Undergrad: 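Structure below; questions to follow.
As the structure is a computational prediction, the values presented were derived from the model and not from experiment.
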Amino acid sequence: MNSRHLRRVAVAVSAAALLPLALTACSSDSDPAASGSDSGADKAASSAPAKETQPMDEPFGPACATVPKDGAGSFAGMAQDPVATAASNNPALSTLVTAVKQAGLVDTLNSAENVTVFAPTDDAFAKIPKADLDKLLADKAALTKVLTSHVVGEKLTPSQLDKGSFDTLAKTQLATSGSDMTYTVNDSSKVVCGNVPTANATVYIIDTVLMPAA
């Protein structure tokens with residue numbers, strides 16, 4: 001066998017040895033699983049639904065379901081009226097409205113600017129013994145103090161209620177605590193429908209009347 005023939009054989013053997021390596025390299029470059037560019041974990045992460053949360057600029061709470069869907073007593077209707085008028089259109093706040101009228105506070109509340117009202121429901125007033133409630137409604141000075149202790153002189157957002165302390169129009173302190181749209185006022189009253197807009201105020205409807213210290 002001459003030298004030229006030997007060189008040809010050597011070249012052919014070398015090419016045969018390198019071919020599997022080249023094919024392996026090409027396979028790795030084109031295989032998505034080998035490169036990790038589209039793994040099962042990535043697919044799961046991209047397809048997982050985003051957690052839904054209620055926007056914090058909307059009313060929240062279990063009692064919001066009882067608010068009329070339309071008309072003057074609905075959320076849209078209340079947003080058009082000043083707070084005392086708006087409350088008078090909400091059927092769950094009739095006792096509060098009566099008390100506000102007895103105390104002569106309708107014009108005061110309707111003309112206030114950027115306030116927050118913690119509004120007790122009829123059921124909240126029903127927790128007070130009838131004789132005591134009748135006595136309170138007949139005492140304008142005492143009634144005014146009770147009602148104005150439910151009013152803060154600024155609009156409060158839900159995030160401010162997490163751990164808050166606020167001055168009321170009655171010169172008393174009102175404390176709030178909680179999170180995730182579950183809030184307590186003065187350690188005694190729960191917000192049952194919060195962040196309700198009116199033309200001049202934000203309303204948090206509560207389940208217990210706040211009685212200021214004597």
Undergrad: Other residues, nucleotides and ligands only: do more than 12 of their heavy atoms fall within 6.0 Å of NZ on K155?
TA: yes

Undergrad: Write down the atom of A112, the atom of N200, and the distance for their closest heavy-atom approach.
TA: O-ND2, 2.7 Å

Undergrad: Do you know which two heavy atoms are closest between T176 and F118, and how far apart they sit?
TA: CG2-CZ, 4.4 Å

Undergrad: Decide yes or no for M78 and V196: does some side-chain heavy atom of the first lie under 4.5 Å from some side-chain heavy atom of the second?
TA: yes

Undergrad: I'd like to know if the side chain of T198 reaches the main chain of A201, judged simply by a donor and an acceptor atom lying under 3.5 Å from each other, with no hydrogens or angles considered.
TA: yes

Undergrad: At their closest point, which heavy atom of L147 faces which heavy atom of A103, and how far apart are they?
TA: CD1-CB, 3.9 Å

Undergrad: Do D132 and L136 have side chains that approach each other closer than 4.5 Å (heavy atoms only, starting at C-beta)?
TA: no

Undergrad: When you group the ILVMFWY residues by side-chain heavy-atom contacts below 4.5 Å and let the links chain together, are V100 and V151 in the same group?
TA: yes

Undergrad: Taking only distance into account, with no hydrogens and no angle test, what donor-acceptor pairs under 3.5 Å do side-chain atoms of residues 59-76 form with protein atoms, sequence neighbours excluded?
TA:
from : atom 1 : to  : atom 2 : distance (Å)
T66  : OG1    : A63 : O      : 2.7
S74  : OG     : G71 : O      : 2.7
S74  : OG     : G77 : N      : 3.1

Undergrad: Using atom types as modelled and distance alone, determine if a side-chain donor or acceptor of N90 lies under 3.5 Å from a backbone N or O of A92.
TA: yes

Undergrad: Within the 4.5 Å heavy-atom criterion, are K101 and V97 side-chain neighbours or not?
TA: yes

Undergrad: Flag the pair S189 / L210 as yes when at least one side-chain heavy-atom distance between them is below 4.5 Å, and no otherwise.
TA: yes

Undergrad: Please collect all disulfide bond (SG atoms under 2.5 Å apart) contacts where either partner lies in residues 67-159, sequence neighbours excluded, each pair once.
TA: none

Undergrad: Count I, L, V, M, F, W, Y as connected when their side-chain heavy atoms are under 4.5 Å apart, and connections chain through other members. Are V192 and I128 then in the same cluster?
TA: yes

Undergrad: Under 3.5 Å, is there a donor on one side chain and an acceptor on the other for T168 and T172?
TA: yes

Undergrad: Report yes or no: do S177 and D162 form a side-chain donor-acceptor pair below 3.5 Å?
TA: no

Undergrad: Going by atom types alone, do T95 and D122 pair a side-chain donor with an acceptor below 3.5 Å?
TA: yes

Undergrad: Classify the side-chain pair K127/T208 by whether it contains a donor and acceptor separated by less than 3.5 Å.
TA: yes

Undergrad: Does S111 use its side chain to pair, donor to acceptor, with the backbone of D107 at less than 3.5 Å?
TA: yes

Undergrad: Contact between D207 and D123 at the side-chain level, heavy atoms closer than 4.5 Å - yes or no?
TA: no

Undergrad: Taking the side chain as everything from C-beta on, heavy atoms only, tell me whether V209 gets closer than 4.5 Å to M211.
TA: yes

Undergrad: May I ask you to test the H150-I206 pair for a side-chain heavy-atom distance under 4.5 Å?
TA: yes

Undergrad: About how many Å separate CG of L143 and CG of L105, when rounded to the nearest 0.5 Å?
TA: 7.5 Å

Undergrad: Is any side-chain heavy atom of L96 closer than 4.5 Å to one of F125?
TA: yes

